[in-house]
Amino acid sequence: MNSSLLDVRNLKKYHPIRAGIFRKKTGYVYAVDDISFAIGTGETLGLVGESGCGKTTTGRTILHLEKPTAGSVHFMGRDLSQLNRQQLRGIRKHIQMIFQDPYESLDSRQTIGEILEEPFIIHGIGSSEDRRRSIRDLLDRVGMPDSAMDRFPFEFSGGQRQRIGIARAIALKPSLIVCDEPVSALDVSIQSQILNLLLDLQQDMGLSYLFIAHNMAVVKHISDRIAVMYSGKIVEMADAERLYQNPVHPYTRALISAIPVPWPKARQTRLAISGEMPSTIISPTGCRFNPRCPFALDVCRAESPELKSLANASDDGHFVACHLDTEIHIKTTDARSGQ
């Protein structure tokens, strides 16, 4: 990893719950609860977890589309919370977002040319002819024909719309793109094309990605490092290959064991977890995963674990929030699987 481009420290986003005639505050939804990570120049950090764990809220809060409750987001050395509206607009040339739903993220009343021209108009870049040339170049970069400029979003398939969404995201030549599940709404046959396009653009433009997804196989394909999120907290973070080879947290192990093996005769050992992710309004005492964890100890129910580096020197850069020791964890899993 090169120099740090994005540095997130102790980020929190709590949504107030209001009830009654006077809309009094009765509690909070702890959507993102004290998470920290960094992304280097040209790096992809995968952020993975179940639906509702706070992944999308994390991405939106980083961009300040939602104001953080606490914590800091430093981008290119600047604390975004200290910037005014005009300064944030200038920063947004360098940090963009690709949205999950290619059908809802494009304005159906505008042509593709108008959609792609909008970022240039907002930031006062180029003449009308310059912008038109830039749009043609953008369409070519994402594998779309020039004729798409004068057509409307409803005339395109989901994969084509997502290519247009990617073109809009790279229009101002950003340094960082937050990819909010950019392939989850697409057919499997199209997903690999979009992922390969993102990788090609990253190589050509030196882009950094925060890649949000719930599919571990997709995240493995594109990420340099992976952070696993559960109920508003990061429970494990490591180099992608290291995480897949030596997952420590029970939740990470369960997610990886659920990845389908593309071979009908292959034996696959699943680490099953029961129940559902707890409410982000009333979280369980101690570790938030303890009600579903097959290895939970008394300490897991009493104390919330901190995200710490593994003691083993060979696991430098591998962080986990779990009271269980690695050896206990592996031995218990092997005993349950009969290996």
Undergrad: Going by atom type alone, with no hydrogens or angles, which donor-acceptor pairs under 3.5 Å involve a side-chain atom of residues 93-102 and a protein atom two or more places apart or on another chain?
TA:
residue: Gln96; atom: NE2; partner: Arg92; partner atom: O; Å: 2.4
residue: Gln100; atom: NE2; partner: Ser184; partner atom: OG; Å: 3.1
residue: Asp101; atom: OD1; partner: Tyr103; partner atom: N; Å: 2.9

Undergrad: Would one find more than 12 heavy atoms of other residues, nucleotides or ligands at under 6.0 Å from atom CG of Asp204?
TA: yes

Undergrad: Could you tell me whether the side chain of Leu201 reaches within less than 4.5 Å of the side chain of Tyr209, counting heavy atoms only?
TA: yes

Undergrad: Return the CG to CZ distance between Asp200 and Arg141, rounded to the nearest 0.5 Å.
TA: 11.0 Å

Undergrad: Could you walk me through whether Phe211 and Val218 satisfy the side-chain contact (heavy atoms from CB on, under 4.5 Å) test, starting with their C-alpha distance in whole Å, then the side-chain angles of each, then the deciding distance to 0.1 Å, before giving a yes or no?
TA: CA-CA 10 Å; Phe211 192 90; Val218 168; 3.7 Å; yes

Undergrad: Go through the steps for Asp79 and Ser81 under the test side-chain hydrogen bond (donor to acceptor under 3.5 Å, both in side chains), then give the verdict.
TA: CA-CA 6 Å; Asp79 186 350; Ser81 64; 2.8 Å; yes

Undergrad: Step by step, would you call Val228 with Met237 a side-chain contact (heavy atoms from CB on, under 4.5 Å)?
TA: CA-CA 6 Å; Val228 180; Met237 182 163 55; over 6 Å; no

Undergrad: Going by side-chain contact (heavy atoms from CB on, under 4.5 Å), name the residues that satisfy it together with Arg292, two or more places apart in sequence or in a different chain.
TA: Glu50, Tyr230, Ile273, Met277, Phe289

Undergrad: Looking at Asp224 and Gly42, what are the two nearest heavy atoms and their distance?
TA: OD2-O, 4.1 Å

Undergrad: Please round to the nearest 0.5 Å and tell me the distance separating atom NE2 of His318 and atom OG of Ser309.
TA: 9.0 Å

Undergrad: How long is the span from the NE2 atom in His221 to the OG1 atom in Thr44, to the nearest 0.5 Å?
TA: 10.5 Å

Undergrad: Okay, side chain of His123, backbone of Ile125: is any donor-acceptor separation there less than 3.5 Å?
TA: no

Undergrad: Mind checking ring-ring contact (aromatic ring centres under 6.0 Å, His included) for Phe156 and listing every partner two or more places apart, or none if nothing turns up?
TA: none

Undergrad: Does Ile121 share a hydrophobic cluster with Leu88, counting links as ILVMFWY side-chain heavy atoms below 4.5 Å and allowing steps through other members?
TA: no

Undergrad: A side-chain contact here means heavy atoms from C-beta on lying under 4.5 Å apart; do Leu116 and Ile135 qualify?
TA: yes

Undergrad: Tell me, do Leu6 and Met76 make a side-chain contact under 4.5 Å, heavy atoms counted?
TA: no

Undergrad: Could you measure the distance from the CG atom of Leu324 to the CZ atom of Phe295? Nearest 0.5 Å is fine.
TA: 8.0 Å

Undergrad: Assigning hydrophobic clusters by single linkage (Ile, Leu, Val, Met, Phe, Trp, Tyr; side-chain heavy-atom cutoff under 4.5 Å), is Ile91 placed with Leu11?
TA: yes

Undergrad: So, the side chain of His323 versus the backbone of Glu303: is there a donor-acceptor pair under 3.5 Å, distance only?
TA: yes

Undergrad: So, does Thr111 use its side chain to make a donor-acceptor pair with the main chain of Glu114 at under 3.5 Å?
TA: yes

Undergrad: NZ of Lys55 to NE2 of His214: how many Å apart, nearest 0.5 Å?
TA: 7.5 Å

Undergrad: Should Ile226 and Leu45 count as side-chain neighbours, where that means a heavy-atom distance under 4.5 Å?
TA: no

Undergrad: What residues form a side chain to side chain donor-acceptor pair (under 3.5 Å) with His74, not counting sequence neighbours?
TA: none

Undergrad: Quick check: is Ile122 connected to Ile164 through a chain of hydrophobic side chains (ILVMFWY, heavy atoms under 4.5 Å apart)?
TA: no

Undergrad: May I ask you to test the Thr58-Val8 pair for a side-chain heavy-atom distance under 4.5 Å?
TA: no

Undergrad: Less than 3.5 Å apart, which donor and acceptor atoms pair up between the side chains of residues 172-180 and the rest of the protein, not counting sequence neighbours?
TA:
residue: Asp180; atom: OD1; partner: Thr56; partner atom: OG1; Å: 2.9
residue: Asp180; atom: OD2; partner: Thr56; partner atom: OG1; Å: 3.3

Undergrad: Give a yes or no on whether the backbone of Ser192 and the side-chain of Asn196 come within a donor-acceptor separation of less than 3.5 Å.
TA: yes

Undergrad: Who pairs with Glu306 by side-chain contact (heavy atoms from CB on, under 4.5 Å), at least two apart in sequence or on another chain?
TA: Lys308

Undergrad: Say whether Leu83 and Leu63 are linked into one hydrophobic cluster, either directly or through other cluster members, by side-chain heavy-atom distances under 4.5 angstrom.
TA: yes

Undergrad: Report yes or no: does Ser257 contribute a side-chain atom to a donor-acceptor pair with the main-chain N or O of Ala254 at less than 3.5 Å?
TA: yes

Undergrad: Quick one, Ile112 and Leu139 - any side-chain contact, counting heavy atoms below 4.5 Å?
TA: yes

Undergrad: Spell out, as yes or no, whether a donor-acceptor pair under 3.5 Å connects the side chain of Lys233 to the backbone of Asp33.
TA: yes

Undergrad: Under the 4.5 Å side-chain heavy-atom rule for ILVMFWY, direct or indirect, which residues accompany Ile21?
TA: Phe22

Undergrad: Does any N or O in the side chain of Ser231 come within less than 3.5 Å of the main-chain N or O of Cys53, such that one atom is a donor and the other an acceptor?
TA: no

Undergrad: Does Glu118 form a side-chain contact (heavy atoms from CB on, under 4.5 Å) with Gln110? I'd like the steps, not just the answer.
TA: CA-CA 10 Å; Glu118 197 167 23; Gln110 292 183 307; 3.9 Å; yes

Undergrad: Roughly how far, to the nearest 0.5 Å, is CD of Gln245 from CG of Asp239?
TA: 10.5 Å

Undergrad: Quick check against the 3.5 Å criterion: does Asp187 have a side-chain atom that pairs as donor or acceptor with the backbone of Ile190?
TA: no

Undergrad: Find out if a path of hydrophobic residues (ILVMFWY) with successive side-chain heavy-atom gaps under 4.5 Å connects Phe152 to Ile115.
TA: no

Undergrad: Quick one: salt bridge (Lys or Arg N to Asp or Glu O under 4.0 Å) partners of Arg78, sequence neighbours excluded?
TA: none

Undergrad: Please say whether more than 12 non-hydrogen atoms of neighbouring residues, nucleotides or ligands are located less than 6.0 Å from CD in Glu129.
TA: yes

Undergrad: Whether the side chain of Gln160 engages the backbone of Ser157 through a donor-acceptor N/O pair (distance < 3.5 Å, no angle test) should be reported.
TA: yes

Undergrad: Only counting residues at least two apart or in another chain, list the ones meeting salt bridge (Lys or Arg N to Asp or Glu O under 4.0 Å) with Asp130.
TA: Arg133

Undergrad: State whether the side chain of Glu43 and the backbone N or O of Ser208 hold a donor-acceptor pair below 3.5 Å, judged by distance alone.
TA: no

Undergrad: I'd like to check the salt bridge (Lys or Arg N to Asp or Glu O under 4.0 Å) partners of Arg151; sequence neighbours left out, ordered by chain and number.
TA: Glu155

Undergrad: Is any side-chain heavy atom of Arg132 closer than 4.5 Å to one of Glu117?
TA: no

Undergrad: Go through it in stages, so that I can follow the logic: the residues are Glu236 and Thr252, the test is side-chain hydrogen bond (donor to acceptor under 3.5 Å, both in side chains), and I'd like the CA-CA distance, side-chain angles, deciding distance and then a yes or no.
TA: CA-CA 7 Å; Glu236 189 164 3; Thr252 309; 2.8 Å; yes

Undergrad: Taking salt bridge (Lys or Arg N to Asp or Glu O under 4.0 Å) as the definition, give me every residue that meets it alongside Arg60, ordered by chain and number, with sequence neighbours left out.
TA: Glu66

Undergrad: Between Ile170 and Leu138, does the side-chain contact (heavy atoms from CB on, under 4.5 Å) criterion hold? Intermediate values first, please.
TA: CA-CA 8 Å; Ile170 65 171; Leu138 287 171; 3.7 Å; yes

Undergrad: Work out which heavy atom in Ala31 is nearest to a heavy atom in His15; give both atom names and the distance.
TA: CB-CD2, 3.8 Å

Undergrad: Can you name the nearest heavy-atom pair linking Gln191 to Leu186, along with the distance?
TA: NE2-O, 3.2 Å

Undergrad: Linking Ile, Leu, Val, Met, Phe, Trp and Tyr through side-chain heavy atoms less than 4.5 Å apart, which residues share a cluster with Tyr14?
TA: Tyr28, Tyr30

Undergrad: Does any non-hydrogen side-chain atom of Gln162 lie less than 4.5 Å from one of Pro182?
TA: yes

